[in-house]
Amino acid sequence: MTTEIHNSLDQNSDTDKELRNLFEKLETETCRTVDITNSFDITDVHQQRDAAECLEMILHKVSPQASQVFKGQLKYSTTCSKGHNLNTETNPFLTLPLSLKDANNSTFSVESGFDNVFQTKSFIGDNLVYCEQCGKKTEATRECEMLEFPRILVLLLKRFDFDNNTMSHFKSDRMVVMPHTLQRQNKMYTLCGIVNHMGSLKGGHYTATILSKEDNTWCEFNDSHVRKLEEQPFANSQTYNSSTAYLLVYRDSEGFRDKVEHRQDEQSGDQRERNRKVKVSSLIQEDPLLPEKPRQDREAEEGTQQSKRQEECTSLTNILKKPPCIALIVCGGLLIVILAIILSTLNLS
């Protein structure tokens, strides 16, 4: 359902070809995945895999132009207390990890965790940084900014982590509060997919919750079964809570708005065309040889005609109100009746 990569697939890449074939077949039928897994060199489909690692493996095997949809870039700048630039580096990413260990509350806010990635980090106390220009260790700050925004932003909630106290790995089932939209600088992202994990470190099960572009409803993908969710996320709130969400997929809202605005422009164009045809049709019904009169002249003429009609009606009413006039009308009517009787008698004889 990430249609942004469909037109980016390279016909000269075997993996891209298999993906394209799979996408085209899925439009009309149920498909097997043996060809696509072979192209990814996956020999044992029953082997336990991490969803984030599997996604990155796929994006590394497809062509660069296809994976570009998911690619972002972070810029880190370290500056000493005297303002000297100690280090500047850029790091590309396909998934952006968010640590759940630092959450103090029972729930983890994705919005706050996302903002924490870009918070300024300070090096103070025993954690000083050596500055060559200062010739000694000094306090410093490290800033992070999004140098390149991906069209599809994938956030990795680090439920599988390492505990330094117990020196062992663990899985966190912390409740996560995810927002419908995420904003960074002037870029807005809208949630369109969730990968869920149920189980433990030793084994589990993955499902996906995805927003369908066709009817704008959320569906659950569970192996070969797909169903629409009875309780739609974000139906009554701008946040959604989950203790199983593992990967969050956000789509660039600007690209989506461009498509909507383009559709609206097309509809507006169609409406303008319909209005033009209606106007032309109405013009055809008018006499093309007679120039249209100015509005004021038309209104004056209509007013004059209406006044004449009112005067005629008034005159007739005044006549009928006079008794002599009524007597004359009655006598005239009787004469007409008598003449009709005489003429009919002569015809009979």
Specify the closest pair of heavy atoms between [X] and [Y], including all atoms of both residues, with the distance to one decimal.
X	Y	answer
Cys31	Lys25	SG-CB, 3.1 Å
Glu111	Leu182	CA-CD2, 4.0 Å
Pro97	Lys158	CB-CD, 3.8 Å
Arg159	Arg174	NH1-O, 2.9 Å
Cys131	His84	SG-ND1, 3.6 Å
Ser242	Asn196	OG-OD1, 4.2 Å

When you compare the side chain of [Y] with that of [X], does any pair of heavy atoms fall below 4.5 Å?
X	Y	result
Leu191	Trp218	yes
Val110	Pro179	yes
Leu247	Leu156	yes
Asn222	His205	yes
Lys71	Gln73	no
Phe70	Pro150	no
Leu201	Phe160	yes
Leu153	Asp252	no

[X] [atom1] to [Y] [atom2] distance, which is reported to the nearest 0.5 Å:
X	Y	atom1	atom2	result
Thr88	Arg142	OG1	CZ	10.5 Å
Asn91	Lys75	CG	NZ	12.5 Å
Leu155	Phe114	CG	CZ	6.5 Å
Glu18	Ser13	CD	OG	9.5 Å
Glu27	Leu22	CD	CG	10.5 Å
Lys228	Thr217	NZ	OG1	4.0 Å

Taking atom [atom1] as the centre, does [X] end up with more than 12 heavy-atom neighbours from other residues, nucleotides or ligands that are less than 6.0 angstrom away?
X	atom1	answer
Gln11	CD	yes
Lys137	NZ	no
Asn236	CG	no
Glu214	CD	no
Glu132	CD	no
Asp44	CG	yes

Query - From CA spacing to verdict: side chain to side chain contact (heavy atoms under 4.5 Å, CB included), His169, Asp163 - result: CA-CA 6 Å; His169 289 87; Asp163 190 343; over 6 Å; no
According to a 4.5 Å side-chain heavy-atom criterion applied to Ile, Leu, Val, Met, Phe, Trp and Tyr, with indirect links allowed, do [X] and [Y] form part of one hydrophobic cluster?
X	Y	result
Tyr250	Met146	yes
Leu157	Leu74	yes
Ile194	Leu229	yes
Met1	Val69	no
Phe40	Leu94	yes

Report summary line: Those residues at least two apart in sequence (or on a different chain) that pass side chain to side chain donor-acceptor pair (under 3.5 Å) with Ser81 are Thr138
Requested in this report: State which residues pass side chain to side chain donor-acceptor pair (under 3.5 Å) with Ser172; sequence neighbours excluded, sorted by chain then number.
Outcome: none
Report task. Could you tell me whether the side chains of Thr190 and Ser253 share a donor-acceptor contact shorter than 3.5 Å? Result -> yes
All N/O donor-acceptor pairs, side-chain side in residues 53-60, below 3.5 Å, sequence neighbours left out:
unit_1 : atom_1 : unit_2 : atom_2 : d
Glu56  : OE2    : Thr95  : OG1    : 2.7
His60  : ND1    : Glu56  : O      : 2.8

Is a donor on one side and an acceptor on the other found under 3.5 Å between the side chain of [X] and the backbone of [Y]?
X	Y	result
Gln48	Lys202	no
Asp10	Ser63	no
Asn127	Phe123	no
Lys171	Gly199	yes
Asp223	His225	no
Glu220	Arg227	no

Report task. With side chain to side chain contact (heavy atoms under 4.5 Å, CB included) as the test, would you mind laying out the steps for Ser39 and Asp14 before giving the verdict? Result -> CA-CA 7 Å; Ser39 69; Asp14 292 337; 5.8 Å; no
Requested in this report: Applying side-chain hydrogen bond (donor to acceptor under 3.5 Å, both in side chains), run through Ser168 and Thr166 and close with a yes or a no.
Outcome: CA-CA 5 Å; Ser168 62; Thr166 62; 2.8 Å; yes
Requested in this report: Report yes or no: is the cationic atom of Arg184 (NZ for Lys, CZ for Arg) closer than 6.0 Å to the six-membered ring centre of Phe118, at no more than 45° off its axis?
Outcome: yes
**Report entry** Partner of His180 under ring-ring contact (aromatic ring centres under 6.0 Å, His included), chosen from Tyr189, Tyr240, Phe234
**Finding:** Phe234
